[in-house]
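Notes follow once the structure below has been shown.
Starting from 1, each residue takes its place in the sequence as its number.
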Amino acid sequence: PQAAIPAYPTCILLALIAEHAETGRATYRSVMGRAGYRSAGSVFDYVTELKWLGLVAGGEGRHGDLRPLVRSVPFGVGASR
């Protein structure tokens, strides 16, 4: 199923994907830094929304266990012309 994702959670999702791909793990704090946010509360709220949409898992108690359930694909890859 397709879901429309507002701009702010999209920024957080892309930061989470990049952080997890680069370091093998992602925390609220690392995602906050990569996305350029100053408020951990905002990041928590957006990650909660992304979890509800089925795009992110983890974050329940273990430090550094946020996981993207999707991956980024460069624009145009796999596109039919």
Without swapping roles, check the side chain of Asp65 against the backbone of Gly59 for a donor-acceptor pair under 3.5 Å. yes

Interatomic spacing from NE2 in His20 to CZ in Arg67 - rounded to 0.5 Å: 7.0 Å

Parallel, tilted or perpendicular, as decided by the 30° and 60° cut-offs, for the rings of Tyr28 and Phe44: tilted

Can you name the nearest heavy-atom pair linking Thr27 to Leu66, along with the distance? C-CD1, 3.7 Å

From Met32 CE over to Ser39 OG, what is the distance, rounded to the nearest 0.5 angstrom? 8.0 Å

Among residues two or more places apart or on two chains, list those pairs meeting salt bridge (Lys or Arg N to Asp or Glu O under 4.0 Å) that have a residue in residues 32-44. Glu19-Arg34, Glu22-Arg34

Nearest-0.5 Å distance that lies between atom CG in Leu53 and atom CG in Leu13: 9.5 Å

Shared hydrophobic cluster for Leu69 and Tyr46 (ILVMFWY, side-chain gaps under 4.5 Å): no

Drop me the distance from Ile12's CD1 to Ile17's CD1, to the nearest 0.5 angstrom. 11.5 Å

Rounded at 0.5 Å granularity, tell me how far CG in Leu16 sits from CG in Leu55. 10.5 Å

